[in-house]
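Below: the structure, in structure tokens.
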Amino acid sequence: MTGMIDVYTIMQNGLNSGNILISLVFLVIYVIFVLLIMSVFAYLFGWIERKLIAKAHYRHGPTYLGKFGILQNLADLIKLIAKEKVAPKTAYPVLFSLAPQLLVALTVFLVLLLPYSPSLQAANIGPGLLAVFVLLGFTPIILFIAAFASGNKYADISAQRSVLLLLSYEIPMMLVIASTVLITNSYNIQALISAQERGWFLFLMPVGFVIFFIALLAELERPPFDLNEADSELIAGWLTDISAPYYALYLFLDYSKVFLGGLLLSILFLGGWLGPSFLPPIAWLIGKAFIVALAVIMVRVTMFRMRIDRILRFGWIWLIPLSLINLVITYILFV
Amino acid sequence: MALTRINIGPVHPSTHGVLRLVVDLDGDTVVDVDTRIGFLHRGVEKLVENRKYMQCPPYMEKLDYAAPLSVDELFVATVEKALGIEVKERAQYIRVVLLELQRIASHLLWLGTTCNDLGQLTTGFMWAFMDRDLVLRLLEEATGSRMFYVNMRLGGLVRDLPAGFDEHANKLLDYLEKRLPRYERFIEKNPVFIERMKGVGILSKEDALDLGVTGQILRASGVDYDVRKDNTYYVYNKLHFSSKHAVSGDNFARYKVRMMEIGESIRLVREALRTMPEGDAVGMPVKLVMPNAKNRISIVSREVPRGEELMYLVADPQSAYRLSIRAPTFINLAALRHIARGCRIADLFAITSTLDFIMADVDR
């Protein structure tokens with residue numbers, strides 16, 4: 001494909017021709033570009049979430065800083081970063097300070113791994129989809145380590161919960177992904193999206209879409225599955241002893257994970273960057289991700305928090321059988 | 001398996017004040033709850049002994065800060081009984097109106113905090129508080145204050161209802177009647193809410209009677225006991241209302257009883273406003289000249305929004321010799337240990353929120 005930007009290929013060409021400096025510069029520019037998109041998305045999402053929740057509460061939300069309070073999150077960020085960094089005595093210092101960096105690095109890596117348009121991606125590798133979800137599966141484990149390392153009893157309970165949560169949503173999620181792979185016959189994300197040119201997977205398997213959305217909410221630790229940081233019982237769960245600068249990092253992580261989740265859902269079910277040509281493909285992809293993010297906020301505003309044993313039961317009695325049925329039906333109809 | 005002992009409170013998002021719980025956990029299951037209270041003890045009962053009678057209501061109102069008028073009224077009624085003062089008829093009606101409005105405001109506050117405790121992102125909380133604020137505004141119109149009213153005087157009230165109160169009250173009640181089904185749609189249609197509330201925190205009828213709980217918690221367990229009906233006062237026997245009760249005794253029953261009570265209170269206020277006689281409602285001035293206690297001991301009980309509150313007053317001519325308060329929240333909170341054993345840690349806070357305690361009232 002002409003005009004194709006594939007960082008991996010360019011790096012390889014650079015290595016072969018011995019011109020590695022230019023390809024390194026290119027890599028840095030690409031990373032900065034994607035991170036910029038992610039940060040702007042995360043920032044805007046943070047603001048819109050505050051505004052929309054305020055709307056649902058008959059409040060105004062932030063209004064004071066900037067037009068419609070758009071600078072409020074920036075001010076909060078500065079405040080949090082400027083605060084003192086405190087680690088509790090009972091914490092394991094290395095793990096405690098390493099865990100947030102690891103979590104953010106993982107999310108950033110995943111966001112970098114995804115393609116943004118037919119001609120803009122990090123690497124067009126075969127098992128791209130598989131790689132993304134395997135890496136995504138690490139998040140709860142790092143979270144478990146972070147909670148365990150803080151040496152707080154509330155965090156311990158939160159860590160137990162995050163593992164139980166993992167048990168209940170990871171399997172249906174993987175089964176739904178398997179059924180999309182059944183249609184495309186490939187783990188390649190480019191192939192997955194071009195397979196949706198005939199029809200979005202949302203219409204081919206609506207049940208799978210719903211299951212994936214529910215599992216995604218759990219993956220993002222958004223209500224009603226925000227048991228890790230259930231404020232009414234665990235104060236803040238694994239975040240209880242996190243001091244302000246790290247908390248800013250986690251907040252950023254929270255928002256950028258919504259970006260990641262929105263991208264995944266739109267790639268898998270909403271046709272990725274496919275759309276009328278008056279907008280560039282990348283705009284379609286990010287627009288769809290944004291709509292998914294709005295849906296996540298809607299759920300957050302209205303739902304009550306579920307209980308961990310109920311989530312397990314829900315996962316094993318409803319999600320797993322339904323995703324199996326979804327897999328079988330997909331096989332019968334489309335393969 | 002080894003138990004985890006965690007300390008919850010006194011500063012915790014869900015303890016509504018300064019309650020401290022020492023919880024033994026087996027994984028996620030509560031094995032034992034130890035309730036530690038007393039962080040908010042002010043010695044109100046002793047303070048009263050050094051004050052003249054009508055200097056006390058401001059202290060009383062701070063007992064139950066979610067429903068100050070109820071405690072205010074209870075204390076004044078106790079003193080009235082001690083001094084043998086009759087309450088004017090119009091004042092009786094106005095008191096009923098104010099008390100029922102206070103009950104609505106208190107239940108709305110409870111509804112909001114319960115939504116919060118069940119992990120809903122303060123949406124229900126904000127809605128309920130918005131409506132509560134309208135009720136408070138109406139009470140402000142009648143009493144001149146938003147939160148602590150001190151509106152009762154011996155034999156009557158500080159002032160009669162202002163002009164146009166009927167109209168404003170009816171408008172508000174119409175609005176609230178429209179809002180109640182919205183709450184029910186928003187809350188009861190939510191499967192997670194039902195899951196968290198139904199069959200959780202069951203208190204059987206026998207246990208409820210043994211533990212001495214009163215109010216909605218007792219009624220939710222299937223005992224139809226309401227002081228307004230069974231030991232009636234003021235004009236409650238002339239007004240038409242039913243005391244609502246449920247049978248299942250779980251969190252959902254306690255929720256439902258309170259929601260139904262809001263509806264009943266709306267009807268009560270309407271009827272009281274309609275049938276209110278003309279006349280004088282202003283009570284005696286604060287500076288009583290030579291109050292003369294007729295009864296040495298007087299006991300008065302009232303159905304306050306949180307149960308049966310009772311005051312035992314040993315009267316001296318000028319001030320109380322001894323005042324003892326049976327706070328319903330104190331006794332209701334004692335049931336927590338019994339209810340919460342064996343439940344999940346997440347349900348512990350659903351139960352504490354449906355027990356609806358006010359720590360200022362518990363600790364006194």
Side-chain angles (χ1 to χ4, degrees), chain A residues 49-50 52-61 151-165 214 217-218 221-237 239-240 296-314 317-318, chain B residues 3-9 11-16 21 23-30 112-131 133 185-200 343-353:
Chain A
E49 182 174 40
R50 287 174 91 157
L52 275 183
I53 289 173
K55 201 88 191 155
H57 290 176
Y58 300 95
R59 291 187 286 121
H60 292 295
N152 182 308
K153 279 180 185 173
Y154 290 111
D156 280 356
I157 297 174
S158 153
Q160 294 167 13
R161 286 182 175 188
S162 73
V163 173
L164 283 172
L165 204 58
I214 293 171
L217 284 177
E221 290 145 34
R222 285 261 150 187
F225 305 108
D226 61 336
L227 292 128
N228 299 339
E229 38 196 292
D231 59 343
S232 56
E233 56 240 39
L234 299 184
I235 303 181
L239 293 173
T240 306
V296 170
I297 300 177
M298 294 294 175
V299 175
R300 184 173 181 202
V301 163
T302 48
M303 284 302 264
F304 291 86
R305 187 177 300 115
M306 280 180 90
R307 228 169 58 193
I308 188 70
D309 54 323
R310 295 285 179 168
I311 290 181
L312 269 181
R313 189 182 295 178
F314 179 65
I317 290 185
W318 288 102
Chain B
L3 298 181
T4 319
R5 169 165 288 189
I6 61 170
N7 171 57
I8 296 170
V11 182
H12 185 276
S14 294
T15 50
H16 305 302
L21 299 171
V23 184
D24 285 334
L25 285 177
D26 179 2
D28 208 31
T29 312
V30 175
T113 50
T114 297
C115 284
N116 222 9
D117 285 350
L118 287 172
Q120 191 202 37
L121 187 93
T122 65
T123 310
F125 180 78
M126 296 301 296
W127 288 20
F129 260 58
M130 196 176 71
D131 291 346
D133 212 70
R185 266 214 312 281
F186 179 61
I187 294 170
E188 281 173 40
K189 291 281 184 324
N190 192 322
V192 181
F193 179 81
I194 299 293
E195 227 175 53
R196 294 282 307 267
M197 297 296 257
K198 268 202 176 148
V200 174
C343 77
R344 303 277 168 167
I345 176 81
D347 287 335
L348 180 64
F349 295 102
I351 294 168
T352 51
S353 80

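Since the structure is predicted, the reported quantities are computational estimates derived from the model, not experimental observations. Every chain is numbered from 1 and lettered A, B, ... according to where its sequence line falls, protein lines coming before strand lines.
Per-residue counts of heavy-atom pairs under 4.5 Å with chain A were compared for B:L348, B:N190, B:D117, B:I6; the largest is that of B:N190. In terms of heavy-atom pairs under 4.5 Å with chain A, the best-connected choice from B:D347, B:I187, B:I345 is B:D347.
With rounding to the nearest 0.5 angstrom, the CE atom of A:M303 is 12.5 Å from the CZ atom of B:F193. Within the model, atoms CD1 of A:I311 and CD of B:E195 stand 9.0 Å from one another, a figure rounded to the nearest 0.5 Å.
When heavy atoms are compared at a cutoff of 4.5 Å, B:I8 approaches chain A by way of both its backbone and its side chain. At a 4.5 Å heavy-atom cutoff, the contact between B:N116 and chain A is made by backbone atoms alone. Contact annotation for A:Y154: only side-chain heavy atoms (C-beta onward) come within less than 4.5 Å of a heavy atom of chain B. For A:I53, the part sitting under 4.5 Å from any heavy atom of chain B is the side chain, from C-beta outward, and nothing else.
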As a quick check of understanding, evaluate side chain to side chain contact (heavy atoms under 4.5 Å, CB included) for A:R305 and B:L118, giving each step before the final call.
CA-CA 6 Å; A:R305 187 177 300 115; B:L118 287 172; over 6 Å; no
Verdict with reasoning, A:R161 to B:D28, per side chain to side chain contact (heavy atoms under 4.5 Å, CB included):
CA-CA 9 Å; A:R161 286 182 175 188; B:D28 208 31; 3.9 Å; yes
Determine, stepwise, if the pair B:R196 / A:M306 fulfils side chain to side chain contact (heavy atoms under 4.5 Å, CB included).
CA-CA 7 Å; B:R196 294 282 307 267; A:M306 280 180 90; over 6 Å; no
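Side-chain N or O atoms of A:K153 include one that pairs as donor or acceptor with a backbone N or O of B:R5 at under 3.5 Å. Judged by distance alone, the side chain of B:W127 and the main-chain N or O of A:A56 form a donor-acceptor pair under 3.5 Å. Judged by distance alone, the side chain of B:T123 and the main-chain N or O of A:V301 form a donor-acceptor pair under 3.5 Å. Between the side chain of B:R344 and the backbone N or O of A:D309 there is no donor-acceptor pair closer than 3.5 Å.
Minimum interatomic distance between A:R307 and B:V200 (heavy atoms only, all atoms of both residues): NH1-CG2, 3.6 Å.
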